[in-house]
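As structure tokens, the structure follows; a few thoughts come after it.
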Amino acid sequence: MSTEKGPNFLEEIIAEDVKNGKHGGRVLTRFPPEPNGYLHIGHSKSICVNFGLAAHFGGKTNLRFDDTNPEKEETEYVESIKTDIRWLGFTWANEFYASDYFPQLFAFAVKLIEQGLAYVDDSSPEEIASMKGTPTEPGKDSPFRARSVEENLDLFTRMKNGEFRDGEKVLRARIDMASPNMHFRDPILYRIKHTAHHRTGNHWCIYPMYDFAHGQSDAIEQITHSICTLEFEVHRPLYEWFIEKLGLYTSRQYEFARLNLNYTVMSKRKLLQLVQEKHVSGWDDPRMPTISGLRRRGYTPESVRNFAERVGVARRENIIDVGLLEFCVREDLNRRATRAMVVLDPLKLIIENLPEGHVEHLPTENNPEAEEKTTREIPFGRELWIERDDFMEVPEKKYFRLAPGKMVRLKSAYIVECTGFEKDASGHITAVLARYIPESKSGHDNSGLQVKGVIHWVHAPSAVPCEVRLYDRLFRVEDPSSEAGDFKDYINPDSLTVVKGAMAEPCLNAAKPGEHFQFMRKGYFVPDADSSAGHPVFNRTVTLKDGWGKQKEN
RNA sequence: UGACCGAUGGUGUAACUGGCAACACAUCUGAUUUUGAUUCAGAAAAGUCCAGGUUCGAGCCCUGGUCGGUCAACCA
């Protein structure tokens, strides 16, 4: 049996089309975001599918903003979308806008009217809704359905000319009010909105609906494979109806199942709510499933692309475990992140058999996984910071870190033996005392000692105080949207822990945005934009896999 | 009492298009390790929603169910 995954259903379809010379063997896809919010991890799957498929078959991909609703769309979103796609590593062949096609779309509408396939309806939104029927009951014809072509042409022109108020009239297709497909029950083609558009300004006061814009835009660009998510499936017959009636290029729509991730929400509406109600700091809050959030969190484009590859493409509803995303970023960061030592919860370790002021510089590896091994020097002396939980007054079973009488290796330095500890009046441990074994120097160890535990540490006098932000999943439940009540009731109160007094080794003072670090035994971290001179701030991308923590749970 | 779509280990995705279910993640062992990480070796885990049918042979085809999703915005 082959270990290689077979092609997904879209690759099969396109391979077949290319083989048969459909569209002249050409492949042109498009990624069609509406600029009404930031892109999220779900979009990244769609981006990878659209750009990936085209690239696989030697084709191209257009970026097309589906900007037919001026009330929700903004230039800020256009810019963020472009930034995110570029960051993911994709290049579009053309940057288009559905609004570029407004004149042609208007002409298409006129053509439908002339064919008797569209009419102007004066009914109110409520009336239209009530005449629509339900999925199990047919709708009723609008009293305006029988208007003459001349009257419709006149009215539609006057709609365009701004003679009517918002909502006063709409242009509808004349199809079948009894169709079992709700989208065929005389769908609205154009509505009046006296609203400035982010690109066309006040030039138009009528705007096409999605169904009347998307397929035709595909046709205008001669898109060969128009790939979208499952919820548009019921729109496909209408998509094809317009193409047929207007005699346009026959683009074909294909649908795949969108990506769902557990412990988060993925709808733009909900994400917008989190931003507006300040449950997060913004669209790029590192807890957000947005591409900008993942970027700020320290995810790499490679890891996101790899994730999209691993989740696959199919037509079945799915909920992916965030654990897979985390695996992908760890896999990537393991081989590229510089190792560094940072103590998040500092406890003083005093090495009694070392004189005050003693400092020596020890080499330590930057990345044991790297092709070319490099080292840097770290200072070592009498007073160090170690992690508070790397010491236990009364060690639990199988604990192999520091405890009275126990030995551990200080990473890249010496083996130390705990000789005691100090407590304050309230019983709080204030320092751990130890003696070091001079013969156990890292790389020159002839002490003959075998210790199981290795802990990280930072030389106290030269430590760099810094802020570290620890992120956890944004929601406490796997699927916040399906729980009773408001999804926001399920926000994880511990999704962000800010550690103010972390102690880092000196080299991290010079950490630059975009660099990735592994704080040894703690996880992967990136400098945050909030860093300032002398006050580094780090975001935790993801923890290290914790076999010990897991074992303790059981 | 509608239309359309879907159903394969815990989670995803495969199965040369009808030939006796594979890969990844997760899980559990063990080895290695100056990160309880990484790496390595191994284990457990579905008989493919159900019932019929066609066939020498069905996860793949047919019929009928069951369950789940989508559609009734002047959103996309």
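We use all heavy atoms of the structure for the numbers below, so side chains are in, but hydrogens, waters and symmetry mates are not. The structure displayed is predicted, hence computed values, not measured ones. Here is how names work: the chains are called A, B, and so on, in the same order as the sequence lines, proteins then strands, and each is numbered from 1.
Nucleic acid contact for A:Gly443: base, since at least one base atom lies under 4.0 Å from a heavy atom of the residue. Within 4.0 Å of A:Pro368, counting heavy atoms only, lies at least one base atom of the nucleic acid. If you check every strand for non-hydrogen atoms under 4.0 Å, A:Val313 touches sugar and phosphate atoms only. Among the protein residues, A:Glu331 comes within range of no part of the nucleic acid, since none of its heavy atoms lies under 4.0 Å from any strand. Across all strands, A:Leu230 comes closer than 4.0 Å to no nucleic acid atom at all (heavy-atom distances). The residue A:Arg315 sits close only to the backbone: its heavy atoms come under 4.0 Å of sugar-phosphate atoms, none of a base. At a threshold of 4.0 angstrom between heavy atoms, the contacts of A:Arg335 with the nucleic acid are absent. Note on A:Tyr207: nothing from the nucleic acid sits closer than 4.0 angstrom, heavy atoms only. If you check every strand for non-hydrogen atoms under 4.0 Å, A:Arg310 touches sugar and phosphate atoms only.
Distance, A:Lys552 NZ to B:rC28 C1': 20 Å, rounded to whole Å. We find that NZ of A:Lys373 is positioned 17 Å from P of B:rU38, with the value rounded to whole Å. As rounded to whole Å, 10 Å separates atom C1' of B:rU13 from atom NZ of A:Lys45. In this structure, OH of A:Tyr97 is placed 17 Å from C1' of B:rA76, rounded to the nearest angstrom. The NZ-P distance, from A:Lys545 to B:rU27, rounds to 6 Å in whole Å. The distance between atom CD of A:Glu365 and atom P of B:rU38, rounded to the nearest whole Å, is 17 Å. If you take NZ of A:Lys411 and C1' of B:rU35, they are 6 Å apart, rounded to a whole angstrom. B:rA37 atom C1' lies 16 Å from atom CG of A:Asp332, rounded to whole Å.
With hydrogens and angles ignored, a donor-acceptor pair closer than 3.5 Å exists between the side chain of A:Arg409 and the base of B:rU34. The base of B:rU38 is not paired with the side chain of A:Arg330 by any donor and acceptor separated by under 3.5 Å. In terms of polar N and O atoms assigned as donor or acceptor, the side chain of A:Ser442 comes within less than 3.5 Å of the base of B:rU34 in a complementary pairing. At a cut-off of 3.5 angstrom, the base of B:rU70 holds no donor-acceptor pair with the side chain of A:Glu317.
Using Watson-Crick or G-U wobble geometry with both donor-acceptor distances under 3.5 Å, B:rC40 finds its partner in B:rG30. A 3.5 Å limit on both hydrogen-bonding distances identifies no Watson-Crick or G-U partner for B:rC75. B:rU55 makes up no base pair with any nucleotide shown, lacking Watson-Crick or G-U wobble contacts both under 3.5 Å. Shown here, B:rG64 forms a base pair with B:rC50; the pair counts as Watson-Crick or G-U wobble because both key distances fall under 3.5 Å. The partner of B:rA3, taking Watson-Crick or G-U wobble pairs whose two distances both stay under 3.5 Å, is B:rU70.
An anti base is found at B:rU29: its glycosidic angle is more than 90° from 0. With a glycosidic angle more than 90° from 0, B:rG64 adopts the anti conformation.
For the P atom pair drawn from B:rC62 and B:rC75, the interatomic distance equals 41 Å after rounding to whole Å. Between B:rG18 and B:rA58, the distance separating the two C1' atoms is 6 Å to the nearest Å. Using atom P as the reference point in both B:rC61 and B:rA14, the two lie 15 Å apart (nearest Å). Rounded to whole Å, the separation between the P atoms of B:rG10 and B:rC71 comes to 29 Å. The C1' atoms of B:rA44 and B:rG9 are separated by 10 Å, rounded to the nearest whole Å. With both ends at atom P, the span from B:rA22 to B:rU63 equals 30 Å, rounded to whole Å. The gap from the C1' atom of B:rU35 to that of B:rU39 amounts to 13 Å, rounded to the nearest Å. Atom name C1', nucleotides B:rG6 and B:rC50: the rounded distance is 16 Å, in whole Å.
Checking B:rA76, B:rU35, B:rA26 against the side-chain heavy atoms of A:Phe232 singles out B:rA76 as nearest. Side chain of A:Lys550, nearest nucleotide from B:rC28, B:rU35, B:rU38: B:rC28. In the set B:rU38, B:rU17, B:rU35, the nucleotide with an atom closest to the side chain of A:Glu12 is B:rU17.
Between A:Leu324 and A:Tyr399, the residue anchored closer to the 5' end of RNA chain B is A:Leu324, taking for each the nucleotide with the nearest heavy atom. The nearest heavy atom of RNA chain B to A:Arg401 and to A:Ile319 marks one nucleotide each, and the one closer to the 5' end goes with A:Ile319.
Under the 4.5 Å side-chain criterion, counting only non-hydrogen atoms from C-beta, A:Val234 is not in contact with A:Glu255. Residues A:Ile378 and A:Trp457 are in side-chain contact: their nearest non-hydrogen atoms beyond the backbone lie under 4.5 Å apart.
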Grab the N/O contacts between the protein and nucleotides 71-75 of chain B below 3.5 Å, and write none if there aren't any.
unit_1 : atom_1 : unit_2   : atom_2 : d
B:rC71 : O2'    : A:His183 : NE2    : 3.1
B:rC74 : N4     : A:Ser123 : O      : 3.2
B:rC74 : N4     : A:Pro125 : N      : 3.3
B:rC74 : N4     : A:Gly167 : O      : 3.0
B:rC75 : OP2    : A:Arg191 : NE     : 3.1
B:rC75 : OP2    : A:Arg191 : NH2    : 2.7
B:rC75 : OP2    : A:Lys193 : NZ     : 3.2
B:rC75 : O3'    : A:Arg191 : NH2    : 3.2
B:rC75 : O2'    : A:Asn69  : ND2    : 3.2

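A:Arg147 and A:Asp121 are not joined by a salt bridge, as no carboxylate oxygen comes within less than 4.0 angstrom of a charged side-chain nitrogen. Taking 4.0 Å as the cut-off between side-chain N and carboxylate O, A:Glu360 and A:Lys441 count as a salt-bridged pair. Electrostatic pairing of A:Arg258 and A:Glu231 counts as a salt bridge here, judged by a charged N lying under 4.0 Å from a carboxylate O. A:Glu387 has no carboxylate O lying under 4.0 Å from a charged side-chain N of A:Arg401, or vice versa, which leaves the two without a salt bridge. With salt bridges taken as basic N to acidic carboxylate O contacts below 4.0 Å, none links A:Glu221 and A:Arg30.
When the side-chain nitrogen and oxygen atoms of A:Lys398 are compared with OP1 and OP2 of B:rG36, none of them lie within a distance under 4.0 Å.
No close placement of the A:Phe307 and A:Tyr299 rings is indicated, their centers lying 6.0 Å or farther apart. Centroid-to-centroid, the aromatic rings of A:Tyr77 and A:His198 stay 6.0 Å apart or farther.
Test A:Arg64, A:Arg252, A:Arg236 against A:Asp218 for salt bridge (charged side-chain N to carboxylate O under 4.0 Å, His left out) and you get one pass: A:Arg64.
Between the side chain of A:Tyr399 and the main chain of A:Asp390, a donor-acceptor pair closer than 3.5 Å is present.
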